[in-house]
Each structure stands twice: as C-alpha cells, then as structure tokens.
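Order of the sequence lines fixes the chain letters, A, B, ..., with proteins taken first and strands second; residue numbering starts at 1 for each chain. As a basis for the values below, the full set of heavy atoms in this structure was taken, side chains included, without hydrogen atoms, waters or symmetry mates.
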Amino acid sequence: MATDHTAHHDAHHHTPSFAQRWLFGTNHKDIGTLYLVFSLVMFLIGGAMALVIRAELFQPGLQLVNPEFFNQMTTVHALVMIFGAVMPAFVGLGNWMIPLMVGAPDMALPRMNNWSFWILPFAFLMLLSTLFMEGGGPAGGWTLYPPLSLQGGNSIAFVIFAIHLMGISSIMGAINIIATILNMRAPGMDLLKMPIFVWSWLITAFLLIAVMPVLAGAVTMLLTDKFFATSFFNAAGGGDPVLFQHIFWFFGHPEVYIMILPAFGIISEIIPTFARKPLFGYQAMVYAIASIAFLSFIVWAHHMFTVGMPLGGELFFMYATMLIAVPTGVKVFNWVSTMWKGSMTFETPMLFALGFVVMFTIGGFSGLMLAIVPADFQYHDTYFVVAHFHYVLVTGAIFAIMAGTYYWLPKWTGFMYNETLGKWHFWLSTIFVNLLFFPQHFLGLAGMPRRIPDYNIAFSDFNMISSVGAFGFGLSQLLFAYIVWSCARGGARATDRVWEGAKGLEWTVPSPAPHHTFTTPPRIDDRELAHGDVSH
Amino acid sequence: MANTTHDPNVYYVPHGSKWPLVGSVGLFLTVGGFANWMNGSTGLGQVMSLAGVAILLWMMWGWFGDVIRESVRGMYNRQVGVSFRMGMIWFIFSEVMFFAAFFGALFYARALSVPWLGGVGDGAATNAFLWSGFDAAWPTNGPAAIGGDFGLIPAWGLPLLNTLILLASGVTITIAHHALKAGQRTRLLVWLGATIVLGVIFLVFQAEEYVHAYRDLNLTLGSGIYGSTFFMLTGFHGLHVTLGTIMLIVIWFRCLKGHFSRDDHFGFEAVAWYWHFVDVVWLGLFLFVYVL
Amino acid sequence: MMARRFLTATALLAGSAGAALANPKPWQLNMTPGVTEMSRQVYDLHMLILWICVVIGVLVFGAMAYAMFKFRKSKGAVAARWSHNTTAEIVWTVIPVLILVAMAWPATKTLIEMADTDDAELTVKVTGYQWLWRYEYVGTDVNFVSKLDRDSDRTRMLRSGLDPAAVTVDGENTYLLNVDRPLVLPTGTKIRFVITANDVIHSWWVPALGWKQDAIPGFINEAWTRIDTPGTYRGQCAELCGKDHGFMPIVVEAVPPAQFAAWLGETDAIAKAARAAEAAPAVAAAPTADAGASAADAQ
Ligand code: HEA
Ligand code: HEA
Ligand code: CUA
Ligand SMILES: [Cu+2]
C-alpha cells in the first residue's frame, strides 16, 4: 500500500476513488465527515427508540409494547445516544476542526484515525443486532447493574463486546487527539493560545483514556461473572453487586463530562464570534475545564447515594459534587460577560449557543439539587433525574453539537445554510424540547419512578405533554437533517471568514476547506486569535 | 522509489490504507465469534473467532509492514516519531487504567465487602440477618464458600522467583537498549534474546502455577472473590506478558535485520516501555495478590 | 378460613384508612412535605435549594436577557475590548462557594439524623423479590408478601382494554399503587427497616416517608422512620428490577400504636397457629394439605 502512495505522492489533487476516500481514507476532514454522518444516523435511531418510549408513555395503560421491550428501548436508546450520537459527534467535530485550529496538516496518526472510526459501525451493528436476537436486547438499563443485567439472554455477550469495541475506538480517537494537540501545533501556537475548543478536547481526551478502560474492566467482570463462574458481584462468594456500581460510575461520571466539555469548548468559540468581543477570562476558562475534569474523578458515588454507603462516604461525595458548581459557574459567568458590552447578532449558531447557556444551566441546577444527599433520597431514580440529564445532554450536548454544526458548516461545504430554516429549527427545537423535558421535573417530584412503562393516572397529564413535546422535537430534527443536506448540495457561497467576528486559523483557509490544509505550518498572528488579552 | 527523499520539514501523512478496515472486520469477527461461542454456538463461534484472529494477524503484519517500510525509507521526521511515542505512552496509560479496575475490585473486596459480610463496621446487620457465622478473613470464597475449600499459592515460592525473573528481564532489556544505542549489534541481540528467554520462563512458571492451582489446590476462577481477583489479575497480566514476549520476538528479528539505528529506534523503545509496564504491574500483583 | 381471619385483621384497620392519603395528584408540581419529621426536613431542604437556584437563575438569565437586548449590533452597539476583570472573577468564585456551604450545612445535619437507626422500637425486615415485597416483623412470626392488587394487575396487561382510571379505592385512583396486603406500621414509633433483596436490586420507596433505600441481594441496608399521622402511604419500587419493575408498589398503612399492637398480636397468633399446623402434617400426614397451603399463604 505504502508503495503506491508514495508513488502518487503529488497526486493528492486527483480525485481518489470512493473506497480510497471513504473506506481507506486518512484525511482528517473526510474522517470527521464520516463521524458526523454516523452520529446523525445514530441520533435518529436512538431518537426513534425514544419515540417508542414516549409513545408508550403517552397515556396510562400498556398500549404498544411489552414491558420487556420497553426496557430494551430505554437501555439501547441510552447506549446509542451516548456512544453512538454524542461522543462520535464530538470526535467528528474534533477531527474536522482541531488540525485546522492548531495549524496541523492532519491528525497525528492518520491511519489509526481511520481505524477509530471504522470500529464504530461494527460495534453498533453488534449492539443493535441484539434487539433481533432470541431474548431480545439488553434490558437492564444503560448502567448494566448486576445481577439484573446478568439475567439477559443471548444479548449479554454481544452487548459487552460491543462496548469493548466502542471503548477501543474511543481510546484510539483520544490518543490521536492528544498527540495532535501536543505534537502538531504550528510554531507559535502555544498551549495558552490554543482555541478553547482545542483545550476542551485535550482534557476530554485525557478523561477518555482514563475511564474507557475502566468501563472495559467493569463489563469484563460482568462477562466472567456470567460465563466463567467468578463472584465479583455476588455476595455469596464475597463480592458485592454495589462494587459494579462503583466501577461503572468511576467511568460513568467522567463520561458525562466527556459529553459536555467539548460542548463548553464549542460554545466558547461561538459566543465571542457573534458578540464580536474576545472570550472573557480565557485562562479562567481553561482552568475551569481542568478543575471540572479533576473533580469528575472524585464524585462518582453521587449516583449511588441510596445504595447504603457509610455516612462518611455520602458526605464526601456530596461535598465534592457540589464543588463542581463553582468552576461550572465560572464558565457560565464568563459567557455572560463575553456578551456584556459586545455587539451581538443572532445567527443560528448563536441562537443555539444562547439556548445552550440557559438550558444547560437549568440542567446544572437540577444536578446540584441531586447532589444534596437527603434530597436525592427523594429524587433518585425518578423522572426528576431524567429531566436533569436530558437538560444537560439534549439542550446541553446536542444543542452544542448543532450550534457547532451551523457554525462550521459553511467552512465544510463552502455554502451558507438556509438561515431562515435554521432559525425555525432553533425555535421549534427549543419550544418542543422544553415541552418534552420540563414537565418531567414535576413528574419526578410527584413521585413517578424512571424506567417504568406504565404509571398511575395522576401522572397522565404531564406525560402526555412530554410525549407531544418529544414528537415535536423529533420532527424538528428532520428539518435539521434537511438543512445540512441542502447546504452540502449548494447555496450562497461562503466567504473564507464566514462570520464577521470569527477569529482563529480555521477562518484563514478557503471555504470549503481544501482537502489538504497547512501542509506547511502557518505563521501565527496573535491578533487573529480569539482570546483577547491573555497575558494575565 | 522516486519519492523516498521525503521533505523532512513535512509531516508525513499516509494516504489511504486498507488495514484499519481489515482490522475492524477482524475485531468484529473475533468478538462476535466469542460471543456466539459463549452462547453455545460453539462451532460457528470457533470458526468466526479464529477467522477474526487470523484477519487481525494479517492486518498487523500488513500494517506494521507498511510502517516499517516507510520508516526504513526515512519518511518519518522527528515529529512523526514524537507522535508515535505519544501514542504508545497514552496507550500504556490506558492499559494501566484497565488494570486499575481489577485492582480496585480487589481493594474493594478486601477493605469493604468482605469485612461487611463478616459483620465488621457497617456490616453488623448484614452479618446478623444474612450471613451469621461468617467470619471475615482474607483469602475467602465468601460466606457461601463458593467453589469449596481451596489452597493458596505461597508468595515466597514461584511468585517470588517470577518477580526476580521479571526484574531481571527489566535489566536485560535496558542493557540491550544501551547496546543498541552504542551500535553493538551482537550484544543487543544477546541481551534482547535473554529478555525473551526470561519472559518465556516466566510464562512457563505461571502456567505451572495455574495447573497446580486447578489440579491440586482446587483454587479456580470459581473460588469466590479470592479466585476471581486472583485469576483475573494474574491472568490478564499473563496475557500481557505473552503479548510483550511476542513483541520482543518481533523486535529481535527486526534488530537482526538492522531496522534500527542508534538514534532512531521507536519500535524498540515502544516494546521496552511496554515490557517495563508489564513488569511494574507484576510488582503490584506480587505485593497485593500474593504477599499481603 | 384463613382468608376470613385475614379480613377481620384488615377490618381493624378500616377505621384509620383515609386519615391521610398520600396518592400523587394530577398536575402535582412539587414534592409533598410527607408525614415524618425527616420527610419535612427533606422537603425544606429541597425548597431551600430550589429557591437558591431560582434566584441565581433569575440573576444570570436576567443579565443575559439584558445583554441580548442592550448590546445588539442592530442597535448600534460597539464591542468593548476588555476580556477580563480579576475582581469580578474572584467575586463569582467566592460567592458560589459560600452559597454551597449554606446548602451543605443543613444537608449534613439532616443526613446525619437520617443515618441514625439506633433505639428503634420495632424492626421490620423488607425483602425485594421479582416482583413483590416480603415483610417480616422481626421478633414475631408475622411474615407475609405484598404484591400488586388484582385490579391493577388485570388492567395493566398489554392492550387489556381496561381503563386505568377505573381502578380506585375510596374514590382515589390507585392504579399500580395498590397492593393485596399492605405493610401495617404504628405511628409515633421509631421503626427500623432492614432492607435486602433476594434476586436483583430493588429499592424501597414511599415518598411520604422522605427516603428510598436500595435492597441489595446479600447485604442489609438500614433506614428508619417515625410516622406522625395515621394514613395510607403509597410508593413504588425505585430500582429497575426487570420486566415488572413498574408493577411492584408499596403500601404502608399507618395506624395508632394501640391499634397496631392489636393487629400485630392477632396476626402473630394466626401465623403461629399456621406454623404449628405446618409442623403437624409431618406427623398427621395427608389430609391437611389444605392447612399447609393456607399456612404458605400466611407466610
Ligand atoms: C452532560 C452530562 C451531565 C452533566 C454536565 C451533569 C452535571 C451535573 N450532574 Fe448529572 N447526570 C447526568 C449527566 C450530566 N450531569 C446523567 C446522564 C445522569 C444519570 C445517569 C443515570 O442514572 O442513568 C446524571 C445524574 C446525576 C446525579 C445522580 C442522580 C441520581 O441518580 O439520584 C447527580 C447527583 O449528584 C448529578 C449531579 C450533577 C451535578 C452536580 C452536575 C454539575 O456539573 C452541574 C454544575 C452546573 C451548575 C450548578 C449550573 C451553573 C452554575 C452556576 C450558574 C453557578 C452558581 C450556582 C450555584 C452556586 C448553585 N447528576
Ligand atoms: C445524549 C444522550 C441522550 C439523548 C440525546 C436523549 C434524547 C431523548 N431522550 Fe433519552 N435517555 C438518555 C440519554 C439521551 N436521551 C439516557 C442516558 C437515558 C437513561 C436510560 C436508562 O434509564 O438506562 C435516557 C432515558 C430516556 C427516557 C426515560 C426512559 C425510562 O426511564 O423509562 C425518556 C423518556 O421520555 C427519554 C426520552 C428522550 C427523548 C424524547 C429524546 C429526544 O431528545 C430524542 C429526539 C430525537 C428524535 C426523536 C429523532 C428524530 C428522528 C425522527 C423523527 C425520525 C424517526 C424515524 C423513523 C421513525 C423512521 N430518554
Ligand atoms: Cu423491584 Cu424495581
Ligand atoms: Cu455524575
């Protein structure tokens, strides 16, 4: 292989064959595109499952699916959304933008980059195929708690191996990103001059490498408990079912920040652009991300306040969890300060970014409430928790991904998307998503447990509203798919800078970004960077 | 080749490789086969996973082959070398975290779950209502004595010997590295060869220990939490030693072929780091699994 | 025969039923304060943090709204150049810390109280099964299982065609919130629960008592309550435990201590008799299979 390609070394500009480009390709932009398309497909699949859930919950009584199938939908919905939609979307954005932002010719390890991606379709083929197996897919919740998760049928081994594959993919992706950021920056792109999106990804990648292997270990123990007679999670043999929860959440909590830190990065790129003012407190933003990442390793048991931990443990995990509000608050305040005395316009990326700030903060508030142990004794495993994490994940992570997509789409395609439709997409999404998830707070407080297919009459009204919101929000996403698709096909030509206030290296290359950029490192012009005065 | 004179200021970006996709298919078949196997479709499972492993081996052969060819042709500048090194370091870090999960399980069982079952600390009610009569002590196979009585492997026999062997192998590979840097080919091959031999001896002893445990001591994966942690930790470690030994053998042949220069031998270094990592994990095992 | 005696036992409770009902209400927006000192503390804590969050939210979103209104390009706003302000940054790091301490303080106090299960006057062992609960009054022979009532059970079948709204007790909808046999508890008494499970993890939760506690197979978790008001309090299993996780409710029937003592005495006597009857057939052999069956029933 290498031989042919060195032979064609100067032949980049010939169009490579379809397979060369999309199956065997090593170009970070193509791989980024693959990730993003994959992610969108997974979002629609995971969303379709959510719609099954919401349809069944539309009214009390079981109308559509068995409880078994309902539980499979809940479980697979979450796994698909987390590992299939949100994480690959961020990796896709990272692939596309990090080399452009730091002035690198490509990712540091381009072949491995291709591998990271191509493991994913196989992993999800395996995961989704379990739904059609005897005994159905996994039905023990995405958290896979034993002993319940071990009661599954044929799916168990496949699900576990699918998770192993996803882990391998994430770890390789993360290694690549770290190597790219640390090793491939153009001369003069000091660490503390990097765009904040790059910073957020650097730290996220570190989290990924630290916790994905732990998840792999946890599910490996599940596998051996099921098939090889080990007793990790069996009290009769000296183990403890709760041990799994500790290991799982040691992964799981950093995982939720893996799904939000790159979002912070995207928002921190967009707000300065549309406020036409440098990001407020650049260094504080970097330190805040780092502190959040650090704290994420010592708060895992806040998911387990009701398992019967010793008092000291409950207190420790409560205090540590609450502390996360401080660096997160710094981020929120800095975003608002960036807007303050700016000169704002409200194109679609900015709308999504502002929506993010408001609704993520609402999700953060409910998170903080959950951190208060005695109160969590009431909230835990109710729809209040469901409301919390969908605010941070849907109006947080997903909104940020959409904001980033609108923001960089013209750079990718060379065309402007349809701004009117974009605004429609934003407003429809925002209205429906709140209809969808806000009432879930009430349901949880009134006592509706999560992961149930049917409920008491008292919960009918808010569930109905929530389901209407879900279908409205889901349909609005078809608009998103349409906007992206039509922007890829044509439209008004995008300028190189695209947005009046945009700063950073990625805006110095043509739109669409040529297949190869920065094959020789660019010169860094500090005035072109987005963080203003970073000397303090 | 016309283009072997790659501009050293340009980071070499390979163009197109089928190996990643081949590797994905290989992984998919391997684990899919295992899963079928576990679910009782033994025949199908075996065929699938063996095919998968074969494809993975083919992939490694081809992929590493490409890398070696490119490297030998001098297409990698220093910056590419740094990327490779970072890749390897972070990969090893991920392995450390994988082991951390199992060490975590061991510590949790020893410090928390077993004492609780035995009524210590917060476990008074657990012991009184569910497992009265069970006394917490390590090693244990739990209050239900899962797997039946078992014997132990004393730390100061084979495990100690194995510790010394691995420590020695850490020294031999370092000597080999110095030899490589000094350009002394024979010395390099001898000491690297010694490292391989030590690795193999370690594995043989380890296998012997397992046979002894299963046959004579009734100590198995099914011996409650002790058996679980013992075999999973030492087993995954053994697997890593096996991989490390194979890597050493590959590197030995590459040294023989003269692939490495005195100041550019990433392949060698990567394997050496990996070997040291395996070594350090063993020290942790020796301490926490055998001695304490 | 056993069934009739069981009825008399429940008749004892009839007087207290309806004293306080803790069913969730349609359009209910908030948690209820519950019926114990602890549940009220939890409620107050919940309201405290809720209001703190609301206030911070109003400030932050208010500032954002002001900025969006005031500093828009279309209104001719010109962007300032500054990009940090150390004083402000210190202020909004320190103030949140203080707010957090203000929240953590009462939370810690409440938590410490909740963790103290000493000096209980009654111990009830709760065991979760797929998909029902077993209750044992420790120190007596009273030991029975409690599972979803038949009305709800029939209605909840896939496409049963039955109307969930029609499942009621005393005019309150009890769909999925009623059981065949409630857990009877005395008011004004410190009751300790020892909670475990037999198969997978469950979680025992009655919102009116202010907490939930996981039931872990092989381990005992402890919790306690002291119920102020007699009444019927409903809850549900709160940890995914398989296909019928949504169908293993909990009903606590709280009665005044004297009434409880009477109930416990009678039920214990029935249980003891049943146990004796169970021991007997071993000697008296065949014809008493019926008694064995009802003993199992009472178990
Ligand atoms: C992107 C994902 C994401 C993010 C960012 C968060 C953020 C937070 N989460 Fe969330 N969480 C999840 C995803 C996420 N969570 C998921 C998926 C679950 C459920 C998993 C499952 O069981 O399936 C969960 C569950 C969960 C629980 C367990 C609930 C239970 O099961 O009982 C808890 C408990 O402490 C918690 C807490 C928090 C906290 C304190 C934060 C903090 O980071 C929030 C910090 C932000 C703010 C506080 C707002 C902004 C701050 C200010 C404006 C400053 C001033 C504010 C104050 C001083 C109050 N989360
Ligand atoms: C990033 C993560 C993420 C995302 C984006 C979402 C998105 C959504 N989630 Fe999900 N969710 C989780 C993560 C996520 N969720 C997790 C971790 C759990 C916990 C699981 C567990 O308990 O184990 C959960 C659980 C969960 C529940 C609770 C289930 C239960 O406890 O029983 C519900 C119920 O309403 C729900 C709903 C939704 C909805 C309506 C969306 C919507 O935002 C989805 C919108 C998108 C669409 C609707 C797709 C649009 C596509 C179309 C309209 C085309 C359809 C095509 C065809 C039909 C051909 N989710
Ligand atoms: Cu029992 Cu859920
Ligand atoms: Cu968390």
Could you tell me which portion of [X] (side chain, backbone, both or neither) has an atom closer than 4.5 angstrom to a non-hydrogen atom of chain A?
X: Leu221(B); result: both
X: Ala136(B); result: neither
X: Phe236(B); result: side chain
X: Met232(B); result: side chain
X: Trp116(B); result: side chain
X: Thr229(B); result: both

Nearest non-hydrogen partners of [X] and [Y], listed with the distance:
X: Met112(A); Y: Trp63(B); value: N-CZ2, 3.8 Å
X: Gly16(B); Y: Thr26(A); value: N-OG1, 3.4 Å
X: Met184(A); Y: Tyr11(B); value: SD-CE1, 3.2 Å
X: Phe232(A); Y: Ile225(B); value: CA-CD1, 3.8 Å
X: Phe227(A); Y: Met38(B); value: CE2-O, 3.6 Å

Measure from the side-chain N and O atoms of Asn39(B) to the backbone N and O of Asn154(A), and report whether any donor-acceptor pair falls under 3.5 Å.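 It does hold such a pair.
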So do the side chains of Leu21(B) and Phe122(A) get within less than 4.5 Å of each other, counting heavy atoms only?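 Yes, side chains in contact.
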Is any side-chain heavy atom of Tyr108(B) closer than 4.5 Å to one of His246(A)?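 A side-chain contact under 4.5 Å exists here.
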Counting heavy-atom pairs closer than 4.5 Å to chain A, which one of [options] comes out on top?
options: Gly87(B), Gly65(B), Gly23(B), Pro20(B); value: Pro20(B)
options: Ser223(B), Gly118(B), Gly222(B), Ser83(B); value: Ser83(B)
options: Leu130(B), Leu27(B), Thr126(B); value: Leu27(B)
options: Ala145(B), Ala144(B), Pro143(B), Gly121(B); value: Pro143(B)
options: Gly224(B), Gly62(B), Gly32(B), Ala35(B); value: Ala35(B)
options: Gly147(B), Ser228(B), Ser113(B), Gly227(B); value: Ser228(B)

Proximal component of [X], with respect to chain B [non-hydrogen, under 4.5 Å]:
X: His164(A); result: neither
X: Ile247(A); result: side chain
X: Met172(A); result: neither
X: Leu165(A); result: side chain
X: Asn234(A); result: side chain
X: Pro110(A); result: side chain
X: Phe228(A); result: both
X: Leu182(A); result: both
X: Phe250(A); result: side chain
X: Ile119(A); result: both

Just to be sure I understand the criterion: a residue of residues 88-105 of chain B counts if one of its heavy atoms is under 4.5 Å from a heavy atom of chain A. Which ones qualify?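 Those residues of residues 88-105 of chain B which have a heavy atom under 4.5 Å from chain A are Trp90(B), Phe91(B), Phe93(B), Ser94(B), Met97(B), Phe98(B), Ala101(B), Phe102(B), Ala105(B).
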Largest heavy-atom contact set with chain B, pairs under 4.5 Å, which of [options]:
options: Pro121(A), Ala210(A), Gly167(A); value: Ala210(A)
options: Phe206(A), Phe158(A), Phe244(A), Phe117(A); value: Phe158(A)
options: Pro105(A), Ser116(A), Pro310(A); value: Pro310(A)
options: Ile168(A), Ile156(A), Ile178(A); value: Ile178(A)

With rounding to the nearest 0.5 angstrom, report the NZ to CD distance, Lys18(B) to Gln20(A).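 Between atom NZ of Lys18(B) and atom CD of Gln20(A) there are 10.0 Å.
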Between CG on residue Leu112(B) and CG on residue Leu243(A), distance to nearest 0.5 Å: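 Going from the CG atom of Leu112(B) to the CG atom of Leu243(A) covers 9.5 Å.
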Count the heavy atoms belonging to other residues, nucleotides or ligands that lie under 6.0 Å from CH2 of Trp61(B), then report whether that count exceeds 12.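 No.
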Can you spot which of Asn176(A), Ile175(A), Asn183(A) makes a side chain to side chain contact (heavy atoms under 4.5 Å, CB included) with Met86(B)?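 Option passing the side chain to side chain contact (heavy atoms under 4.5 Å, CB included) with Met86(B): Asn183(A).
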